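Remember, it's a predicted structure, so these values are computed and weren't measured experimentally. These numbers come from the heavy atoms of this one structure, side chains and all, not from hydrogens, waters or symmetry mates.
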Amino acid sequence: MSALISFQQVTVDLGGRPVLCDVNLEVEAGETVVLLGRSGSGKTTALKLVNRLLLPTAGQVMVEGTPTTAWDPIRLRRRAGYVMQEGGLFPHLTVAQNIGLVPRLLGWAPADIRKRVDALLAQVELPPDKFLERYPRHLSGGQRQRVGIARALAADPPMLLFDEPFGALDPVTRFELQRQFLRLRREYGKTSLFVTHDVREALRLGTRIVLLANGGIDCMASPSEFLRASSPEVHTFLAGLDVLERKGHHDILSGAD
């Protein structure tokens with residue numbers, strides 16, 4: 001079976017500066033591939049290539065077997081739920097209107113949209129009777145992110161793109177949303193690309209971790225393999241994890257969590 005997302009010798013220059021160089025990566029259906037790296041390593045650039053917010057300078061990005069350059073941009077973006085910091089909600093729309101936006105654009109019947117919105121709000125633990133008519137300004141940061149995830153799932157797209165969605169949240173809320181992400185992944189089985197600079201988050205959420213450095217892929221490994229990798233850049237990211245915390249990650253990866 002062909003990969004849902006494929007980077008084939010992808011190079012990106014932005015403003016004359018090379019950001020990605022000759023990157024090859026395949027993402028299979030159902031995977032959560034975490035793009036990990038320092039600021040400026042090309043994580044968000046890679047994400048934006050998938051829904052054609054950017055085009056490669058050389059090489060090609062394939063989605064469902066078709067180059068992004070051959071996709072209609074709007075149709076492609078409706079195939080990818082997108083979640084960013086602060087949820088990216090439209091401030092003038094209610095929670096119900098934000099979540100139901102893409103289904104409405106796709107021509108869903110109002111009753112079907114309402115049923116979907118109610119179900120998704122329940123899934124992200126926001127009771128519909130309390131949150132349907134609220135505006136983003138009346139939500140906490142964690143609540144906005146939950147609505148953002150619900151909106152990304154609304155039209156049942158085959159892939160989800162996460163651009164540091166939990167980066168601005170306090171540690172407790174971040175942990176709660178990570179746990180919820182894992183539960184939703186088990187339930188929906190979506191293919192996800194997840195950008196973060198937090199190695200703890202990468203180890204917790206990824207089925208594979210792709211560490212970007214110097215314009216390319218420094219390491220590509222499962223979380224358990226990543227903990228044993230010999231790359232100096234991997235060691236730099238793991239340096240902040242003390243012995244007890246590393247043992248905790250091994251326990252999580254072995255199913256103890």
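Going from atom CG of L212 over to atom CG of L25 covers 8.5 Å, rounded to the nearest 0.5 Å. How far CG of L35 is from CG of L47: 7.0 Å, rounded to the nearest 0.5 Å. Between K130 atom NZ and L121 atom CG the span is 13.0 Å, to the nearest 0.5 Å.
Residues G100 and I113 approach most closely at CA-CG2, 3.8 Å, considering heavy atoms. For M159 against V63, the heavy-atom pair with the smallest separation is CE-CG1, 3.4 Å. Summarising the geometry of A150 relative to I99, their closest heavy-atom pair is CB-CD1, 3.8 Å, with the distance given to 0.1 Å. Closest non-hydrogen pair, P223 versus G206, comes out as CG-O, 3.0 Å. Contact detail for E64 and P158: the closest heavy-atom pair is OE2-CG, 3.5 Å. In terms of heavy-atom proximity, R174 sits nearest to G167 at NH1-CA, 3.6 Å.
At least one donor-acceptor pair closer than 3.5 Å links the side chain of R151 to the backbone N or O of G88. Panel note: side chain N98, backbone T94; a donor-acceptor pair is recorded below 3.5 Å. Side-chain atoms of D218 never come within 3.5 Å of backbone atoms of A213 as a donor-acceptor pair (strictly under, hydrogens ignored).
Both Y188 and I149 belong to a common hydrophobic cluster when Ile, Leu, Val, Met, Phe, Trp and Tyr are linked at side-chain heavy-atom distances under 4.5 angstrom. No continuous path of ILVMFWY side-chain contacts below 4.5 Å connects L105 to L53, so the two sit in separate hydrophobic clusters. Cluster membership for L101 and L132, using ILVMFWY side-chain heavy atoms within less than 4.5 angstrom, is not shared. Hydrophobic cluster membership is shared by L76 and L49, with clusters built from Ile, Leu, Val, Met, Phe, Trp and Tyr side chains linked at under 4.5 angstrom.
The number of heavy atoms from other shown groups lying within 6.0 Å of CG (N214) does not exceed 12. Heavy-atom contacts from other residues, nucleotides or ligands closer than 6.0 Å to CZ of F90 number 12 or fewer.
The pair D163-K43 does not meet the salt-bridge criterion, since no charged nitrogen lies less than 4.0 angstrom from a carboxylate oxygen. In summary, D118 and R114 engage in a salt bridge, as defined by a charged side-chain N under 4.0 Å from a carboxylate O. By the 4.0 Å N-to-carboxylate-O rule, D156 lies close enough to K190 to be salt-bridged with it. Residues E233 and R38 are paired through a salt bridge, judged by an N-O separation under 4.0 Å between the basic side chain and the carboxylate.
In this structure the side chain of T191 never reaches within 4.5 angstrom of the side chain of L160, judged on heavy atoms. By the 4.5 Å heavy-atom criterion applied to side chains, V61 and V10 are counted as neighbours. Side-chain contact between E164 and M84 is absent, with no heavy atoms from C-beta onward closer than 4.5 Å. In this structure, E26 and F7 have side chains that are not in contact, with every pair of non-hydrogen atoms separated by 4.5 Å or more. Using a 4.5 Å heavy-atom cutoff, the side chains of L211 and M220 are not in contact. Looking at heavy atoms from C-beta onward, P91 lies out of side-chain contact with Y135 at the 4.5 angstrom threshold. Within the 4.5 Å cutoff, the side chain of L55 has heavy atoms near those of the T69 side chain. Two residues are said to be in side-chain contact when any heavy atoms from C-beta on lie closer than 4.5 Å; F131 and R146 fail this criterion.
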Begin from the C-alpha positions of S222 and E225 and carry the test side chain to side chain donor-acceptor pair (under 3.5 Å) through to its verdict.
-> CA-CA 5 Å; S222 70; E225 292 167 342; 3.2 Å; yes

Could you walk me through whether R200 and F237 pass the side chain to side chain contact (heavy atoms under 4.5 Å, CB included) check?
-> CA-CA 9 Å; R200 295 168 180 82; F237 271 85; over 6 Å; no

Check the pair F194, F181 against ring pair (Phe, Tyr, Trp, His ring centres under 6.0 Å), reporting the backbone distance first and the verdict last.
-> CA-CA 11 Å; F194 194 108; F181 172 88; 5.5 Å; yes

Full working for side chain to side chain donor-acceptor pair (under 3.5 Å) between S192 and R185 = CA-CA 9 Å; S192 300; R185 183 174 74 191; over 6 Å; no

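The six-membered or imidazole ring of F162 lies away from that of Y82, with a centre-to-centre distance of 6.0 Å or more.
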